[in-house]
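A, B, ... follow the sequence lines: proteins, then strands. Residue 1 opens every chain. Computed from a predicted structure; not experimentally measured.
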Amino acid sequence: MLRRCTQLRKINEGRLVCAHVLKSMFKHDRLIHNTILNMYAKCGLMDEARKLFDEMPVTDMVTWTTMITGYSQNNQSDGAVALFPQMLRMGLQPNEFTLSSLLKALGFWPSDKCGRQLHAYCLKYGYCSNLYVGSALVDMYTRHDRIDEAQSIFCLLVNKNEVSWNALIAGYSRKGEGEHALCMLQEMLRAGFEPTHFTYSSVFGALSATGSLEQGKWVHAHMIKSGGQLIEFVGNALLDMYAKSGSIEDAEKVFYRLLRRDLVSWNSLLTGYAKHGHGRECVRKFEEMLRRGIQPNDITFLCVLNACSHAGLLDEGQYYFRLMKKYNVEARVVHHVTIVDLLGRAGLLDRAKKFIEEMPIEPTAEIWGALLGACRMHKDMKLGAYAAERVFELNPNDSGPLVLLSNIYASAGRWGEVVKVRRMMQKNGVKKEPACSWVDIENKVHMFVANDDSHPHGKEIRKMWEEVSAKIKEIGYVPDTSHVLFFADKQERESRLQHHSEKLALAFALLKTPPGSTIRIKKNIRVCGDCHSAFKFASKALDREIILRDTNRFHHFHDGSCSCGDYW
DNA sequence: TTAGGGTTAG
């Protein structure tokens with residue numbers, strides 16, 4: 001009966017059985033005690049499990065293993081790790097159950113030192129070939145960012161199953177390595193294993209990081225063919241993959257086809273709308289969610305506030321920020337950052353500063369960074385310099401504020417100040433992250449770096465961009481050289497501007513794709529104002545839809561305008 | 001009587 005209650009997580013009935021048993025002739029039975037411990041652990045009641053454990057007159061290896069497993073499954077790694085040496089001191093030998101549970105806990109440990117020690121123990125006592133221990137080792141190493149070690153343990157596993165494959169694929173997914181995750185899925189299929197919901201949610205998660213729409217569609221089609229159902233975990237990952245790969249339409253379709261919708265489903269859709277600049281749709285959907293009685297969490301509010309900020313919905317954003325209290329959701333630093341962003345983008349820089357000064361939490365580098373970004377947008381040098389100083393005080397290693405500050409000076413043509421900031425960056429060893437763009441052509445990813453002359457098709461690409469540039473200048477494009485960072489004359493600044501990575505990627509895509517097809521480009525940093533303007537004109541002059549994903553959001557360029565309404 | 005793998009925000 002206790003086992004039945006444990007399986008069904010029926011804790012109230014379990015407690016009744018417990019009370020009865022502990023008054024009966026079995027009250028000193030160790031086996032019964034172990035079963036009760038397991039029931040408490042599975043129901044998440046580790047305090048009660050611990051109380052019983054401390055009161056038990058006699059314990060055995062299973063008792064300790066059950067406690068370690070309980071702590072591990074309830075995300076209480078310290079509890080699991082503390083028990084292990086005590087268990088050894090008692091002279092109890094751990095078995096494969098103990099080791100796999102402890103390894104799971106060690107995946108969440110601050111360093112990999114204990115994990116490596118336990119790995120050595122497993123080797124010494126011959127447990128590494130055990131399926132459970134081996135899979136747990138793979139998982140532990142991937143969580144400590146040691147995917148090579150995980151891969152070699154996985155390769156040495158003679159008997160593999162779906163779980164061992166999933167542990168490795170999830171590892172690649174957490175690292176954002178979509179290509180590797182996909183390769184492993186293909187290998188898994190070749191080896192004759194059937195992917196599970198765990199596999200699909202990991203792979204979709206990995207592909208959402210790389211934004212590979214075609215590959216994502218292939219995996220989705222495979223899942224449908226093999227009869228996979230759209231239950232929450234996998235459906236939410238699929239929805240998110242479509243939203244992050246640039247197809248909000250497919251994300252919506254998945255949302256409506258989900259068998260059940262939980263909070264993550266709603267949050268993922270809202271995030272998708274926010275990233276694609278569908279601010280009003282995001283707000284409408286959020287209102288629908290509230291009408292349906294679904295309790296929002298901090299992530300929901302963050303999505304909605306972001307959407308309001310990006311869509312310029314000033315009043316709505318402030319209203320929803322106040323609404324958080326009504327729903328008992330605490331406003332964290334990130335929510336405050338969004339409000340600074342909201343006010344700042346709307347040009348209310350003084351109000352944004354006042355908001356920072358009056359907010360109940362201590363301002364962080366991110367808060368001042370949001371104000372600095374707004375100052376960049378509205379070319380407010382004085383407040384921008386003040387915000388940049390605050391960011392730099394709080395986070396001297398971040399190159400972001402100095403880059404933004406030098407941009408502010410560059411926009412105003414204050415080249416002397418630009419040089420000073422750049423010297424400061426050199427002095428502090430701060431480097432700007434190099435800008436890269438990627439474009440998928442026929443399932444192959446092509447990367448472009450700003451001002452890079454080494455591409456094999458470099459000449460053709462530049463020639464193509466010159467043609468595009470001439471066409472868009474005819475219909476009104478004027479290069480905005482304020483986005484060039486360094487000291488140079490006008491002609492050189494204009495020439496540098498023409499070699500931004502996203503422009504090179506667009507030129508290459510124009511060379512390699514049929515007329516009229518949609519072009520999808522990804523960028524590792526925020527798109528610059530000049531490229532944004534050039535892409536708008538290009539979408540009209542060339543009659544092409546261009547979808548650009550940058551670090552913050554998607555830009556859909558069509559017929560001379562962008563989905564962000566120039567407000568990003 | 002005891003075990004290993006998955007989704008959303010910044």
Novice: Just N and O in the side chain of Arg174(A): are any of them under 4.0 Å from OP1 or OP2 of dG5(B)?
Specialist: no

Novice: Given dT2(B), dT1(B), dG4(B), which nucleotide is nearest the side-chain atoms of Thr35(A)?
Specialist: dT1(B)

Novice: Just to be sure I understand the rule, does Arg30(A) reach a base, reach only the sugar-phosphate, or reach nothing, if contact means heavy atoms closer than 4.0 Å?
Specialist: nothing

Novice: OP1, OP2 of dG4(B) versus side-chain N and O of Asn166(A): anything below 4.0 Å?
Specialist: no

Novice: Please determine, for the side chain of Val62(A), which listed nucleotide (dT1(B), dG5(B), dG10(B)) has the closest atom?
Specialist: dT1(B)

Novice: Under 4.0 Å, counting only non-hydrogen atoms across every strand here, what does Asn306(A) touch: a base, just sugar-phosphate, or nothing?
Specialist: sugar-phosphate

Novice: Picking from dA9(B), dG5(B), dA3(B), which would you name as closest to the side chain of Cys303(A)?
Specialist: dA9(B)

Novice: Write down the atom of Trp64(A), the atom of Leu83(A), and the distance for their closest heavy-atom approach.
Specialist: CZ3-O, 3.6 Å

Novice: Are side-chain N/O atoms of Glu252(A) and Tyr273(A) paired as donor and acceptor at under 3.5 Å?
Specialist: yes

Novice: Can you see whether Ser268(A) engages Asn236(A) through a side-chain donor-acceptor pair at a distance of less than 3.5 angstrom?
Specialist: no

Novice: Taking 4.0 Å as the cut-off, does a side-chain nitrogen or oxygen of Gln73(A) come that near to OP1 or OP2 on dG4(B)?
Specialist: yes

Novice: Which is true for Leu37(A) with a 4.0 Å heavy-atom rule: it touches a base, it touches only sugar-phosphate, or it touches nothing?
Specialist: nothing

Novice: Side-chain N or O of Lys42(A) less than 4.0 angstrom from OP1 or OP2 on dA3(B)?
Specialist: yes

Novice: Between Lys160(A) and dG5(B), does any side-chain N or O lie under 4.0 Å from OP1 or OP2?
Specialist: no

Novice: So what does Thr196(A) hit on the nucleic acid, given a heavy-atom distance under 4.0 Å: a base, only sugar-phosphate, or nothing?
Specialist: base

Novice: Taking the side chain of Lys244(A) as its heavy atoms from C-beta onward, which of dG6(B), dG4(B), dT8(B) lies nearest to it?
Specialist: dT8(B)

Novice: Calculate the interatomic distance between Leu239(A) atom CG and dT8(B) atom C1'; express it in whole Å.
Specialist: 9 Å

Novice: As a test of reading the structure: which of dT2(B), dT8(B), dG5(B) is closest to the side chain of Phe198(A), going by heavy atoms?
Specialist: dG5(B)

Novice: Return the value, rounded to whole Å, for the distance between atom CD of Gln229(A) and atom C1' of dG6(B).
Specialist: 17 Å

Novice: Provide, to the nearest angstrom, the distance between the OH atom belonging to Tyr40(A) and the P atom belonging to dT2(B).
Specialist: 17 Å

Novice: Among dA9(B), dG5(B), dG4(B), which is the nearest nucleotide to the side chain of Arg143(A)?
Specialist: dG5(B)

Novice: Looking only at the side chain of Val334(A) (C-beta and beyond, no hydrogens), which of the listed nucleotides dA3(B), dT1(B), dG10(B) gets closest?
Specialist: dG10(B)

Novice: Taking atom types as modelled and ignoring hydrogens, do the side chains of Arg345(A) and His310(A) form a donor-acceptor contact shorter than 3.5 angstrom?
Specialist: yes

Novice: What is the distance, rounded to the nearest whole Å, between atom CG of Asn159(A) and atom P of dA3(B)?
Specialist: 21 Å

Novice: From the options dG5(B), dA3(B), dG4(B), select the nucleotide whose nearest atom is closest to the side chain of Asn161(A).
Specialist: dG4(B)

Novice: If only side-chain N and O atoms count, and only distance matters, is there a donor-acceptor pair under 3.5 Å linking Tyr125(A) with Glu96(A)?
Specialist: no

Novice: Using a distance-only test with no angle check, is there a side-chain donor-acceptor pair under 3.5 angstrom linking Ser247(A) and Ser245(A)?
Specialist: no

Novice: As a test of reading the structure: which of dG4(B), dT8(B), dA9(B) is closest to the side chain of Val264(A), going by heavy atoms?
Specialist: dT8(B)

Novice: Ignoring the backbone of Ser164(A), work out which of dG6(B), dT2(B), dG4(B) is nearest its side chain.
Specialist: dG4(B)

Novice: Quick check, does Phe97(A) stack with dT2(B)? I mean ring centres under 5.5 Å and planes off by under 30°.
Specialist: yes

Novice: Could you tell me whether Thr65(A) contacts a base, only the sugar-phosphate backbone, or nothing, with contacts defined as non-hydrogen atoms closer than 4.0 Å?
Specialist: base

Novice: Indicate whether OP1 or OP2 belonging to dA3(B) is found under 4.0 Å from a side-chain N or O atom of Lys104(A).
Specialist: no

